[in-house]
2 protein chains.
Amino acid sequence: MFSIGALSQHTGVKVPTIRYYEQMGLMSAPERTEGNQRRYGRAERERLGFIKHARDLGFSIGAICSLIELNNHPNRSCAEASEIAASQLVYVREKIASLTRLERELARISDGCSGNGIADKCYVLASLADHARCETDH
Amino acid sequence: MFSIGALSQHTGVKVPTIRYYEQMGLMSAPERTEGNQRRYGRAERERLGFIKHARDLGFSIGAICSLIELNNHPNRSCAEASEIAASQLVYVREKIASLTRLERELARISDGCSGNGIADKCYVLASLADHARCETDH
DNA sequence: CTTGAACCTCTAGCTGCTAGAGACATTAAG
DNA sequence: CTTAATGTCTCTAGCAGCTAGAGGTTCAAG
């Protein structure tokens with residue numbers, strides 16, 4: 001049995017965030033001391049670890065809710081959990097692709113401008129003003 | 001001289017967003033008709049184009065504020081603008097790197113689970129519960 | 001028994017918008 | 001010139017996913 005602060009230290013999730021997760025229904029309401037303070041056990045620590053890990057992987061609160069639900073129905077869990085993970089993977093890959101396009105554009109803009117102020121107009125500012133200079137869509 | 005709706009159509013920025021930019025100080029307050037409606041000219045359309053382009057490239061509102069400021073002081077603009085663009089580039093590259101690590105992890109998790117429910121425990125759920133299975137930091 | 005840290009609830013703030021209410025302005029058709 | 005449809009106005013509240021603060025209570029060490 002440990003306090004919210006101890007749970008926070010064990011998992012690396014901040015105290016107010018733990019309370020927020022409880023409010024959002026990710027964590028169920030724990031036991032309380034006589035003085036109304038939260039006391040957690042091993043199961044709760046594991047669940048919070050699960051949540052943190054999923055959040056670190058970019059899963060939304062909603063998706064994690066679904067995953068937790070699935071965990072409670074082991075017979076139909078695997079296919080649906082796979083689907084959630086797969087769609088998260090698609091989402092991440094799309095983000096990478098779009099950021100990579102931006103990176104190319106930014107690198108081009110950054111390179112074009114030596115930063116010495118010699119050019120009569122700053123290449124960075126000019127590039128931002130004029131989308132036609134771009135090589136990729138965004 | 002065109003209305004906020006027309007400006008929106010020209011630039012692809014939604015009407016409430018234009019008003020929001022005005023509130024945030026990115027766009028200066030335009031002329032008004034007798035009936036208090038906003039009327040924009042060519043200069044404002046260009047500025048909004050600049051803002052949209054920068055937003056599309058992931059610059060924050062704050063960064064765009066700085067860039068606009070710099071645009072008004074051409075003599076000291078180039079070096080600072082370069083710096084802002086460069087730091088944006090660093091930020092984007094970091095994001096790509098971290099997403100790429102996640103992608104690898106997710107792909108591994110997704111692959112491990114065939115989704116047919118044969119395994120006695122779902123690989124996706126097990127992986128999320130147990131960070132020790134991960135190959136990279138996150 | 002005292003003290004100081006940790007805890008409680010509640011509210012408000014952050015970014016970058018988006019949506020809605022209720023009222024007024026503009027514009028095109030009849 | 002009137003009327004109807006659309007556009008616009010301001011204001012407030014909401015979204016995710018927290019984070020910060022106020023003001024008060026409880027716990028644990030000494």
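Sequence lines set the chain letters: A, B, ... in the order given, protein chains first and strands last, and positions in each chain run from 1.
A:Y40 has its OH atom 10 Å from the P atom of C:dC7, to the nearest Å. We find that CG of B:D56 is positioned 13 Å from P of C:dG16, with the value rounded to whole Å. One atom, CD of B:E31, and another, C1' of C:dA25, lie 17 Å apart when rounded to the nearest Å. Taking atom CE of residue B:M27 and atom P of nucleotide C:dC17, one finds them 13 Å apart after rounding to whole Å. A straight line from CG of B:L26 to C1' of C:dG16 spans 11 Å, rounded to a whole angstrom. Rounded to an integer number of Å, the gap from A:E22 CD to D:dG17 C1' is 16 Å. Distance A:I18 CD1 to C:dA6 P: 14 Å, rounded to the nearest Å. To the nearest angstrom, P of C:dG13 lies 18 Å from OH of A:Y20.
Counting any heavy atom pair closer than 4.0 Å across all strands shown, B:R55 reaches sugar-phosphate atoms only and no base atom. B:R38 comes within 4.0 angstrom of sugar-phosphate atoms only, judged by non-hydrogen atoms across all strands, and of no base. Residue contacts for A:R32: at a heavy-atom cut-off of 4.0 Å it reaches the sugar-phosphate backbone alone, with no base atom in range.
With distances taken from any side-chain atom of B:R19 to the nucleotides D:dC18, D:dT10, C:dG16, the minimum falls on D:dT10. Distances from the side chain of A:T17 to the nucleotides C:dA25, C:dG16, D:dT19 place D:dT19 closest. When each of C:dC7, C:dT26, D:dT10 is scored by its nearest atom to the side-chain atoms of B:Q37, the top-ranked nucleotide is C:dT26. Among the nucleotides D:dC18, C:dC17, D:dT19, the one closest to any side-chain atom of A:P16 is D:dT19. In the set C:dT18, C:dA25, C:dC7, C:dA25 carries the atom at the smallest distance from any side-chain atom of B:T33. Taking every side-chain heavy atom of A:R39 into account, D:dA28 is the closest of C:dC17, D:dT10, D:dA28.
Map B:G35 and B:G62 each onto its nearest nucleotide of DNA chain C; the residue landing nearer the 5' end is B:G62. Between A:I4 and B:F59, the residue anchored nearer the 5' end of DNA chain C, judged by the nucleotide with its closest heavy atom, is A:I4. Both B:N36 and B:Q23 sit near DNA chain D, but only B:N36 has its closest nucleotide nearer the 5' end.
Phosphate proximity of D:dG17 to A:Y21: absent, as no side-chain N or O sits under 4.0 Å from OP1 or OP2. Using a 4.0 Å cut-off, some side-chain N or O of A:S3 falls inside it from OP1 or OP2 of C:dC7. Dashed line: the shortest gap from a side-chain N or O of A:K14 to OP1 or OP2 of D:dC18 is not under 4.0 Å.
Note on B:E22 versus B:R19: no salt bridge recorded, every NZ/NE/NH1/NH2 to OD/OE distance being 4.0 Å or above.
Of all non-hydrogen atoms in B:S8 and B:V13, the two that sit nearest each other are OG-O, 2.7 Å. Listed here is the closest heavy atom pair of B:L57 and B:Q88: O-NE2, 3.3 Å. Listed here is the closest heavy atom pair of B:V15 and B:G5: CG2-CA, 4.0 Å.
Rounded to the nearest 0.5 Å, atoms OH (B:Y20) and CD1 (B:I61) are 5.0 Å apart. In this structure, the separation between CD1 on B:I96 and CG on B:L99 is 8.0 Å, given to the nearest 0.5 Å.
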